[in-house]
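Below is one structure, written out as structure tokens; the observations come after it.
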There are 4 protein chains.
Amino acid sequence: MDALPKSRTQSGRREQTKLQNRETILAAARQVFAEMGFAAATVRDIIRATPLASGTFYNYFKSKEEVYQALRDDVALAIRPRLREARLAAASREELLSGGFRTFFAFVAEQRGAPSAVPETSRFRMDSPEVLAGFAELRADLDTAIAQGLLPPVDAQVLAAALAGVAFELAERVKADGDVEAATGFATALFLGGINALPVRD
Amino acid sequence: MDALPKSRTQSGRREQTKLQNRETILAAARQVFAEMGFAAATVRDIIRATPLASGTFYNYFKSKEEVYQALRDDVALAIRPRLREARLAAASREELLSGGFRTFFAFVAEQRGAPSAVPETSRFRMDSPEVLAGFAELRADLDTAIAQGLLPPVDAQVLAAALAGVAFELAERVKADGDVEAATGFATALFLGGINALPVRD
Amino acid sequence: MDALPKSRTQSGRREQTKLQNRETILAAARQVFAEMGFAAATVRDIIRATPLASGTFYNYFKSKEEVYQALRDDVALAIRPRLREARLAAASREELLSGGFRTFFAFVAEQRGAPSAVPETSRFRMDSPEVLAGFAELRADLDTAIAQGLLPPVDAQVLAAALAGVAFELAERVKADGDVEAATGFATALFLGGINALPVRD
Amino acid sequence: MDALPKSRTQSGRREQTKLQNRETILAAARQVFAEMGFAAATVRDIIRATPLASGTFYNYFKSKEEVYQALRDDVALAIRPRLREARLAAASREELLSGGFRTFFAFVAEQRGAPSAVPETSRFRMDSPEVLAGFAELRADLDTAIAQGLLPPVDAQVLAAALAGVAFELAERVKADGDVEAATGFATALFLGGINALPVRD
DNA sequence: TATGAATGAGGCTTCATTCAT
DNA sequence: AATGAATGAAGCCTCATTCAT
């Protein structure tokens, strides 16, 4: 957290600061969660990574869980429209798959921030409303693609889970090596080849 | 002051008790983590779910993280030999894939315990040594399969990640619906069809 | 920059508002003290029961204690003149006693407000200046009555304490059952009979 | 609170200390409540008046309210048997009244501890089970006395309230001047004279 | 080894109060 | 005056851990 000087004399800062404090807290929380993991992090840790007073935290969030969800939602909110767009623009099965994967992995590569101090031995996923909405959206788009004939009539729910599983797992590699195209190529080829072999719905 | 053992069974009892205490703590921890999630659980919560005294906990574990890893390792230790066996017994690519997935999903279905009190909106994965060893083992087995000609010469590391991603994600569905065969069929078909399409190593 | 009053009514409105805010706070405090007890109540609770901002509270009161005293004083201020009048109008010892008790119990019955949310197992008495003045007034009136021959020359201070003790304790019953006349009859008879037996001052 | 040295070397002290800590806390609480009043006192204040660690408080009590009730109960537990005995030993109405008042006022005089630092402007009464039991006992004894003919058939409940009111109010004077006999004489005479004049039950 | 009371650090949260607007 | 976000002291309480028994 860069020191935002807290001196009272910079009164002009206050009016900006108002709801920008929220951003300050979110940034600090992102940092703290990355450094020590969500489970170990405390509200105090977040506050300490901030020039703000402890009480101020509670003007914005009720708990670290609420901050976490806000972060998640920010991410989901940022990535969802991009994914949507990529999928809707697809004119072929290959474009649907490669477009989705490439968009996702590119986003992951972008987010590669300060590498964790702790080698980060735990991963965590909180299915906030926004994240769940992202899943639902994926599934809906798959259904649309099936209707359009871009995909065979497979179980969209399960296919969505498989896509997400591969995406999240390969994302770990992208975080490490930043190679978006390799991951995209692999995942696209896998599903391009595999989808035809899937059992179709009755 | 050597022990004149009060009775032979007593010393036997003591050893048993020692092992039992460890199991008691692990069982309580499994329960507690399921009920309130890992992040919220405390050592005290685990002790309270036990007839033991607080100090006793520290004769067996140093922290809840250590308990968590022990649980993880127990799971990994239980599943790894089964997976190994399934993979080594495979005489065809189809057997390799379906055997591995079926073994994994069957294990997950077995473990489906009392559903969490908290709707459990977060999922954790702690890459303890045992879990990482499981990954390494998978990768080694893939390499062996490639050498045997059961698989084409793809990047085993990435394929392992994709297999794990699909396995873990579909595991959530198996936890929910218990349908091992459906998940096995889907995953096997996907990879059976997809593997041929994958880029091969140079 | 003298005020060109935007309208005459506005300045009138402002003064009214000022008084109204004080009343608003007192009313909220009465409510809050009744609902959660004095000890548990906080300034914030009082503010929250108000449409006003937190800072505004401090334009009127310094603390919850000050609010409490103001409430007390309001009560004492309301009851004292009535008690005074009742006692001064008394032409006989019976009238002196019954008039005083009846006035007091009638006031208590009037105040019986919404019953406390908390079963209220604690009772407070804060001897604010106004309350102490009420005591002094009672004592002075007793001295006057002694001088007038309405009462024998007993220790007015102690008699005042005994009267107050019975009055406050029976008040609890009146709060519960609202039976002003029963309490008045009992207390009057007790003192009417007892006063003659009291030791007289030397 | 006298400093009980907290050094670890005095290991012999520990076993005594075990449940004697409870007494330490109660003594500190008595002191603190007397000095700053119940409403203003905090758990921390009580702990600070103790050589104990903060966590230890919670091994014995859950809140200051619980401490207060324990104190109240101690008092009620100490005074009730004495009052009971005094009343049961009474062979005449005069003995019944004077015995009860004298016992109560003597107890109050005994308890006169360190005078409050703050002039103590608030009084507080928490009707814990023990206190309520004391009231019930008084009432039962009055009924017994009525049955024995020591008292006329008045409303025992209301008479009990009147007796308590006078007793508690005169107790304030006894706390101040310590004159047990004066208070006893006054109260006894008042009720001795007044009881005959009370309305009798139908 | 097991016990469980004691410890005190430290997390969580609210509070009274200030002060720039 | 009124507002209400910010402050940070401080209360509440639990926690992990120790250690005498």
Side-chain angles (χ1 to χ4, degrees), chain A residues 6 8-15 17-22 40-48 50-64, chain B residues 11 13-15 17-18 21 41-48 50-65, chain C residues 11 13-15 17-18 21 41-48 50-65, chain D residues 6 8-15 17-22 40-48 50-64:
Chain A
K6 66 194 287 193
R8 297 265 170 82
T9 62
Q10 313 216 356
S11 63
R13 188 68 59 95
R14 275 283 168 88
E15 62 252 37
T17 304
K18 271 271 186 63
L19 279 171
Q20 193 181 349
N21 278 348
R22 190 169 191 280
T42 68
V43 171
R44 281 193 85 178
D45 292 323
I46 299 170
I47 294 166
R48 276 199 283 258
T50 263
L52 303 173
S54 56
T56 304
F57 178 90
Y58 294 94
N59 291 342
Y60 295 94
F61 300 98
K62 276 212 272 283
S63 63
K64 70 166 173 171
Chain B
S11 78
R13 170 93 54 90
R14 193 169 291 169
E15 276 166 38
T17 298
K18 202 176 151 187
N21 280 350
T42 67
V43 171
R44 289 188 71 154
D45 292 323
I46 298 170
I47 293 167
R48 276 198 283 259
T50 263
L52 303 173
S54 51
T56 304
F57 178 90
Y58 294 93
N59 291 338
Y60 296 95
F61 301 98
K62 274 215 274 287
S63 64
K64 72 165 173 171
E65 277 76 16
Chain C
S11 80
R13 171 96 52 92
R14 191 169 290 169
E15 276 167 38
T17 298
K18 200 175 152 190
N21 279 351
T42 68
V43 171
R44 287 187 72 153
D45 292 323
I46 299 170
I47 292 168
R48 275 198 283 258
T50 262
L52 303 173
S54 53
T56 305
F57 178 90
Y58 293 93
N59 292 338
Y60 297 95
F61 301 98
K62 274 214 273 286
S63 64
K64 75 165 171 172
E65 277 76 15
Chain D
K6 65 193 289 193
R8 297 262 168 86
T9 65
Q10 313 218 354
S11 64
R13 187 70 59 93
R14 275 282 169 89
E15 64 252 36
T17 303
K18 270 272 187 60
L19 278 171
Q20 194 183 348
N21 279 348
R22 191 170 190 278
T42 68
V43 171
R44 282 194 84 177
D45 292 324
I46 298 170
I47 294 166
R48 276 198 283 258
T50 263
L52 303 172
S54 55
T56 304
F57 178 90
Y58 294 95
N59 291 341
Y60 296 95
F61 301 99
K62 275 213 274 285
S63 63
K64 71 168 173 171

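In the text below, chain A, chain B and the rest are named by the order of the sequence lines, each starting its count at 1.
- In this entry E:dT21 has F:dA2 as its Watson-Crick or G-U wobble partner, both defining distances falling under 3.5 Å.
- Looking only at side-chain heavy atoms (C-beta outward), C:F61 and C:V43 stay at 4.5 Å or farther from each other.
- The residue among C:V43 and B:N59 whose nearest nucleotide of DNA chain E lies closer to the 5′ end is B:N59.
- For the residue pair D:N59 / D:T56, no side-chain donor-acceptor distance below 3.5 Å is found, with atom types taken as modelled.
- Both D:F57 and A:G55 lie close to DNA chain E; mapped to their nearest nucleotides by heavy-atom distance, the more 5′-ward contact belongs to D:F57.
- For the pair D:R48 CZ and F:dA9 C1', the computed distance is 12 Å after rounding to whole Å.
- Across all non-hydrogen atoms, the minimal contact from A:L52 to A:I47 is O-CG2, 3.8 Å.
- To the nearest angstrom, C1' of E:dA6 lies 15 Å from OH of D:Y58.
- Between A:I46 atom CD1 and E:dG11 atom P there is a gap of 12 Å when expressed in whole angstrom units.
- Residue-level contact check: D:T42 touches the backbone only, with heavy atoms under 4.0 Å from sugar-phosphate atoms and none from bases.
- In this structure, CZ in C:F57 is found 5.0 Å from CD1 in C:I46, a value given to the nearest 0.5 Å.
- For C:N21 and F:dA1, the shortest distance from a side-chain N or O to OP1 or OP2 is not below 4.0 Å.
- In this structure, CD1 of C:I47 is placed 13 Å from C1' of F:dA5, rounded to the nearest angstrom.
- Per the geometry, CG belonging to D:D45 stands 13 Å off C1' belonging to F:dC12, to the nearest Å.
- In this structure, CZ of D:R44 is placed 14 Å from C1' of E:dC15, rounded to the nearest angstrom.
- Atom pair B:Y60:OH and E:dA2:P shows a separation of 4 Å (rounding to whole Å applied).
- Nucleotide E:dT17 holds its P atom 12 Å from the NZ atom of C:K64, rounded to whole Å.
- For B:A41 and D:S63, each mapped to the nucleotide of DNA chain F holding its nearest heavy atom, the one lying further toward the 5' end belongs to D:S63.
- Across the strands present, F:dA10 finds its partner in E:dT13; the criterion is a Watson-Crick or G-U wobble pair with both atom distances under 3.5 angstrom.
- Searching all strands for a Watson-Crick or G-U wobble partner of F:dA16 with both distances below 3.5 Å returns E:dT7.
- Across all strands shown, C:S54 has heavy atoms under 4.0 Å from base atoms, whether or not it also approaches the sugar-phosphate.
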